[in-house]
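Values below: all heavy atoms of this structure, side chains included; hydrogens, waters and symmetry mates excluded. In what follows, chains carry the letters A, B, and so on, assigned in the order in which the sequence lines appear, proteins first and then strands, with residues in each chain numbered from 1.
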Amino acid sequence: MAKRLGRKYLSQPATLLAKELVGKLLCRQTENGVMRYRIMETECYYGEEDTACHASRGKTERTSILYGKGGIAYVYLCYGIHSLFNVVTGPEGHPEAVLIRGVLGYNGPGKLTKAMAIDKELNGEDMVSSARLWLEDDGYKPSVRADKRVGIDYATPEYRDILWRYIADEVEYRPVK
DNA sequence: AGATTGATAAGG
DNA sequence: CTTATCAATCTT
């Protein structure tokens, strides 16, 4: 039986939750009904010291949401085209988040948000209490492997090469190379 | 390999 | 105000 992920769970460090969230269900309620997709790929962004994290240059209008409570949605427009969806994690006041990079059926951060009708309108949504967007655990536990993060060449080498990307080891899931 | 697309953040 | 940059995707 699936149960909704709560504040306490989502307030754990992103470094831990990035791996934990792989295999969980991302749920979206729209006027057409409920969608549920299993999370297959994530990335961890952790703290101002992580030069790949949007908060690395301090708190700004955009990144202030990263400093909020665990369980808040952080959605922003990338390259002017794609909405990217993150789950803010950790204690309030510390900037960290888990980027959802892929779900079963959609192998890219911009593709899954399009499929699930997630856009910046959902930025700041509290997934602990929201009726539109939330996370569930149905007990499924895939095996997970780690890899380097993608698309962050601008980061310093120590953070560019860190293994903060987590991918479910599923035969039917093939992430973009 | 190249085009696309617009919000964001830094600089003048 | 102006400009460079970007946690990507699709087409050639």
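Base pairing in DNA chain B yields stems of at least 3 consecutive Watson-Crick or G-U pairs, both distances under 3.5 Å, namely B:1-4 with C:8-11, B:6-11 with C:1-6.
Between the OH atom of A/Tyr79 and the C1' atom of C/dT5 there is a distance of 9 Å, rounded to whole Å. Spacing between atom CG of A/Leu66 and atom P of C/dA7 amounts to 12 Å, rounded to whole angstrom units. To the nearest angstrom, P of C/dC10 lies 12 Å from OH of A/Tyr106. If you measure from atom NZ of A/Lys114 to atom P of C/dC10, you get 8 Å, rounded to the nearest angstrom. Straight-line distance from the CG atom of A/Asn123 to the C1' atom of C/dA7: 14 Å, rounded to whole Å. In this structure, A/Leu112 atom CG and C/dA7 atom P are separated by 16 Å, rounded to whole Å. Whole-Å rounding puts the A/Arg149 CZ to C/dC6 C1' distance at 15 Å. Atoms CG (A/Asn107) and C1' (C/dC10) sit 13 Å apart, rounded to a whole Å.
Taking A/Lys141 as the reference, A/Glu20 meet the salt bridge (Lys or Arg N to Asp or Glu O under 4.0 Å) condition, with sequence neighbours excluded. For A/Tyr45, the ring pair (Phe, Tyr, Trp, His ring centres under 6.0 Å) criterion is met by no residue, not counting sequence neighbours. Checked against ring pair (Phe, Tyr, Trp, His ring centres under 6.0 Å), A/His82 has no partners two or more places apart in sequence or in another chain. Contacts of A/Thr60 classified as side-chain hydrogen bond (donor to acceptor under 3.5 Å, both in side chains), with partners at least two apart in sequence or in another chain: A/Thr63.
Considering only the side chain of A/Lys111, C/dC10 comes nearest among C/dA7, C/dC10, C/dA8.
A donor N or O paired with an acceptor N or O is not found under 3.5 Å between the base of C/dA7 and the side-chain atoms of A/His82.
In this structure, A/Val34 belongs to a hydrophobic cluster whose other members, linked by side-chain heavy atoms under 4.5 Å apart, are A/Trp134. Residue A/Val128 belongs to a hydrophobic cluster whose other members are A/Leu5, A/Tyr9, A/Leu10, A/Leu17, A/Leu21, A/Leu26, A/Met35, A/Tyr37, A/Ile39, A/Val75, A/Phe85, A/Val87, A/Val98, A/Ile100, A/Val103, A/Tyr106, A/Leu112, A/Met116, A/Ile118, A/Leu122, A/Met127, A/Leu133, A/Leu135, with links defined by side-chain heavy atoms closer than 4.5 Å.
Counting only heavy atoms from C-beta outward, the side chains of A/Glu136 and A/Lys24 never approach each other to under 4.5 Å.
Pairs engaging residues 148-170 of chain A under the ring-ring contact (aromatic ring centres under 6.0 Å, His included) rule: none recorded [sequence neighbours left out].
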Could you walk me through whether A/Glu43 and A/Arg101 pass the salt bridge (charged side-chain N to carboxylate O under 4.0 Å, His left out) test, one step at a time?
CA-CA 7 Å; A/Glu43 277 179 9; A/Arg101 274 199 78 79; 3.5 Å; yes
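Using a 4.0 Å heavy-atom criterion, one finds that A/Ile152 contacts the sugar-phosphate atoms exclusively.
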Which nucleotides of nucleotides 7-12 of chain B have their base under 4.0 Å from a protein heavy atom (B), which only their sugar-phosphate (S), and which neither (-), written as one string 5' to 3'?
-SS---
